[in-house]
*Asks:* 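I'd like to ask some things about the structure below.
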Amino acid sequence: MNTSTSDSALFLPPIFQVTSMDYLFEKDLTLNTSNIPTSRDYSSFYRIVIRCLSFYALILVIIGTLGNFLTIIVLCRRNLRRFVTMRYLIAVSVCDIISLYGWNLNNFYKFTISSNGTNLEEKSLVHCRVMSYLTFVGLQLSSWCLTAVSLDRCLSLYFLTWKHKYGKLARTKYHIAFLAIICLLLNSHILFVNGFRTGPPENTIRCYRTRSNKFYIYPQWERVHLVVYNLCPFIIMLSCNTYIIHATIRSARIRTIRRAANGSSKGVFSGASRHRQLSIMLMLVTFAFVILTLPSCIYFVFFRHRMPANKNSRAFRHMVQICLGSVQFTSHAINFFLYCFSATNFRDELRDLLRDLCLHRSTDSKFRQSRTTTVRLTTFHKSRRVKQQLDSGSTSDNSHVERNHILKSPDTEKVFVKILPKVDDYRDIENTPN
């Protein structure tokens with residue numbers, strides 16, 4: 001591979017090799033690629049963009065993990081976990097954490113850490129199958145749990161008996177378990193047939209393909225994944241959100257008319273306001289998911305196989321793909337900020353959580369200080385008591401010795417005999433009535 005001096009000065013790994021980002025169709029390319037620059041100067045620019053996007057992928061992993069963990073903690077609090085919607089959003093956050101660690105870490109490893117541009121999945125056959133399996137399952141399950149939220153909200157508004165019969169809180173875990181089992185079984189073949197080890201002398205791992213079919217994952221299974229992950233949820237979310245918007249506007253008009261007729265009564269409409277905020281939050285989250293994942297879906301379905309396949313254009317293709325992938329995974333990392341922006345209840349619970357943590361920490365510090373002070377005072381009193389006992393004991397011993405010495409002195413024996421009472425006198429004193 002020929003590289004220029006400017007390319008080597010960037011300390012970037014070579015990317016002109018067939019990886020999980022590359023697959024070619026055995027047909028002629030129909031895209032006019034004359035307008036795509038392929039000079040080495042542009043190739044260096046593509047490499048710089050790819051390096052920046054690889055760092056962005058790592059930032060997505062860090063921020064998405066922290067944000068989703070905070071989301072899970074806040075939604076598990078008593079005031080929020082009693083809602084069916086929050087149970088689904090907890091499952092969405094768990095799936096988002098799982099999905100963020102697959103291809104994002106691979107992009108960072110491949111374009112930043114690896115010296116020869118190898119994929120993280122190519123470390124071993126276990127890496128290949130487990131990482132690809134968890135990524136596909138996490139993305140699909142997150143999408144369908146979010147779809148279930150919109151569908152449940154839509155059916156609750158359309159059928160008045162839905163919430164009491166099928167949308168109960170106790171049944172939510174069964175709905176989530178059903179979706180999880182479907183996604184796990186749908187992608188289970190990846191654990192058994194994806195990837196293989198080549199024979200000697202190479203002994204390398206080839207991921208996202210089988211021995212007999214190098215297009216098994218890309219593009220064949222990828223198309224199924226895009227239908228399950230993007231197309232079907234997009235249609236359901238769009239239909240449900242359209243009806244939710246219509247129902248929200250209609251209910252707002254009815255509340256306005258009733259408020260004008262009956263006067264202002266905040267207590268009557270507090271429940272309606274809460275449901276309106278919940279609907280706005282769901283619409284914002286679902287629209288963000290659709291907008292951020294739709295470009296990637298359109299590219300991989302309609303344009304990826306039309307990209308130029310020569311070595312000079314491979315850097316451009318990698319830049320486009322990692323850019324669209326970063327936009328796609330942004331939707332799985334920003335839900336925490338969308339909840340904070342659109343839901344007052346979520347902000348209140350987050351503030352209460354932070355306040356409880358601060359109060360707990362200050363209470364622990366005060367308790368430690370008071371406990372230390374108590375221990376010090378107890379130690380001081382004990383040492384003082386022991387000292388007093390030692391002083392009293394030594395004083396009594398000295399007086400006893402001095403008394404014996406005086407009593408044994410021949411010069412003063414007669415005087416003290418007269419002064420000190422006898423034993424019989426003590427008996428008389430004890431027997432004397434008061």
Side-chain angles (χ1 to χ4, degrees), residues 14-31 98-99 101-107 109-111 114 116-141 143-144 181-232 293 296-311 313-318 320-322 324-325 328:
I15 57 176
F16 297 148
Q17 58 178 338
V18 178
T19 62
S20 62
M21 285 184 145
D22 299 314
Y23 69 85
L24 302 176
F25 286 89
E26 297 179 357
K27 62 180 182 179
D28 295 333
L29 298 175
T30 58
L31 180 66
I98 296 174
S99 62
Y101 278 85
W103 295 331
N104 286 300
L105 287 183
N106 179 69
N107 290 334
Y109 174 82
K110 176 181 177 180
F111 299 111
S114 179
N116 55 357
T118 57
N119 289 309
L120 190 61
E121 296 98 327
E122 296 173 354
K123 287 292 182 180
S124 67
L125 199 58
V126 176
H127 282 80
C128 172
R129 294 178 177 179
V130 172
M131 288 183 62
S132 58
Y133 177 73
L134 291 179
T135 303
F136 280 117
V137 171
L139 290 174
Q140 294 173 11
L141 186 56
S143 175
W144 278 101
I181 292 172
I182 293 296
C183 293
L184 290 172
L185 293 178
L186 183 64
N187 297 275
S188 60
H189 62 94
I190 297 177
L191 290 174
F192 303 100
V193 299
N194 180 31
F196 63 94
R197 182 183 294 274
T198 60
E202 294 181 355
N203 289 325
T204 58
I205 301 298
R206 298 296 178 86
C207 197
Y208 298 105
R209 62 181 66 184
T210 63
R211 292 185 182 274
S212 60
N213 186 7
K214 65 179 181 179
F215 302 126
Y216 182 76
I217 300 296
Y218 296 110
Q220 294 177 1
W221 182 250
E222 181 189 35
R223 291 176 176 175
V224 178
H225 167 70
L226 291 175
V227 171
V228 177
Y229 170 65
N230 287 99
L231 185 59
C232 293
T293 59
S296 177
C297 178
I298 294 174
Y299 168 79
F300 282 105
V301 171
F302 298 103
F303 297 104
R304 181 174 179 175
H305 63 282
R306 297 177 181 270
M307 296 294 291
N310 54 66
K311 292 184 177 180
S313 301
R314 193 168 293 174
F316 174 75
R317 185 170 71 252
H318 283 178
V320 173
Q321 291 176 4
I322 192 174
L324 293 175
Q328 171 190 346

*Asks:* Checking R129 side chain against F192 main chain: does a donor-acceptor pair fall under 3.5 Å?
*Replies:* yes
*Asks:* So which atom in G195 and which in C128 form the shortest heavy-atom distance, rounded to 0.1 Å?
*Replies:* CA-SG, 4.1 Å
*Asks:* Any sub-3.5 Å donor-acceptor pair from S296's side-chain atoms to G325's backbone N or O?
*Replies:* no
*Asks:* Could you pull out all residues at least two apart from I182 that satisfy side chain to side chain contact (heavy atoms under 4.5 Å, CB included)?
*Replies:* F178
*Asks:* Measure across L184 and Y133 and return the closest heavy-atom pair with its distance rounded to 0.1 Å.
*Replies:* O-OH, 3.1 Å
*Asks:* If I take atom NZ from residue K214 and atom CZ from residue F196, how far apart are they, to the nearest 0.5 angstrom?
*Replies:* 10.5 Å
*Asks:* Once rounded to the nearest 0.5 Å, what's the spacing between atom CZ of F316 and atom CD of Q321?
*Replies:* 10.5 Å
*Asks:* Can you list everything that forms a side chain to side chain donor-acceptor pair (under 3.5 Å) with W103? Sequence neighbours excluded, please.
*Replies:* Y208
*Asks:* Please name all residues satisfying side chain to side chain donor-acceptor pair (under 3.5 Å) with T293, sequence neighbours left out, ordered by chain then number.
*Replies:* N230
*Asks:* Which heavy-atom pair separates W144 from V228 by the least distance, and what is that distance?
*Replies:* NE1-O, 3.0 Å
*Asks:* Before giving the answer on side-chain contact (heavy atoms from CB on, under 4.5 Å), spell out for Y109 and N119 the whole-Å C-alpha distance, their side-chain angles and the decisive distance to 0.1 Å.
*Replies:* CA-CA 7 Å; Y109 174 82; N119 289 309; over 6 Å; no
*Asks:* Any donor-acceptor pair under 3.5 Å linking the side chain of R211 with the backbone of R197?
*Replies:* yes
*Asks:* With sequence neighbours excluded, what pairs up with R206 under the salt bridge (Lys or Arg N to Asp or Glu O under 4.0 Å) test?
*Replies:* E202
*Asks:* Between N106 (side chain) and L120 (backbone), is there a donor-acceptor pair under 3.5 Å?
*Replies:* yes
*Asks:* I need the minimum non-hydrogen distance between C207 and E121, along with the two atoms involved.
*Replies:* SG-CB, 3.9 Å
*Asks:* What is the minimum heavy-atom distance between G138 and S99, and which atoms define it?
*Replies:* C-CB, 4.0 Å
*Asks:* In chain order, what residues pass the side chain to side chain donor-acceptor pair (under 3.5 Å) check against N194, with sequence neighbours excluded?
*Replies:* S132
*Asks:* I'd like to check the ring pair (Phe, Tyr, Trp, His ring centres under 6.0 Å) partners of H225; sequence neighbours left out, ordered by chain and number.
*Replies:* F136, Y229
*Asks:* Answer yes or no: is there a side-chain heavy-atom contact under 4.5 Å between T135 and Y101?
*Replies:* no
*Asks:* Applying side chain to side chain contact (heavy atoms under 4.5 Å, CB included), name anything that partners N213, two or more places apart in sequence or on another chain.
*Replies:* T210, F215, Y216, Q220
*Asks:* Excluding sequence neighbours, so at least two apart, what forms disulfide bond (SG atoms under 2.5 Å apart) with C183?
*Replies:* none
*Asks:* Not counting sequence neighbours, which residues clear side chain to side chain donor-acceptor pair (under 3.5 Å) with S124? List them please.
*Replies:* H127
*Asks:* Hey, could you give me the CG/CD distance between N187 and Q140, rounded to the nearest 0.5 Å?
*Replies:* 4.0 Å
*Asks:* Sequence neighbours excluded, which residues qualify as side chain to side chain contact (heavy atoms under 4.5 Å, CB included) partners of L134?
*Replies:* I98, V130
*Asks:* Are any non-hydrogen side-chain atoms of K123 and M131 less than 4.5 angstrom apart?
*Replies:* no
*Asks:* Write down the atom of L226, the atom of F300, and the distance for their closest heavy-atom approach.
*Replies:* CD1-CB, 3.7 Å
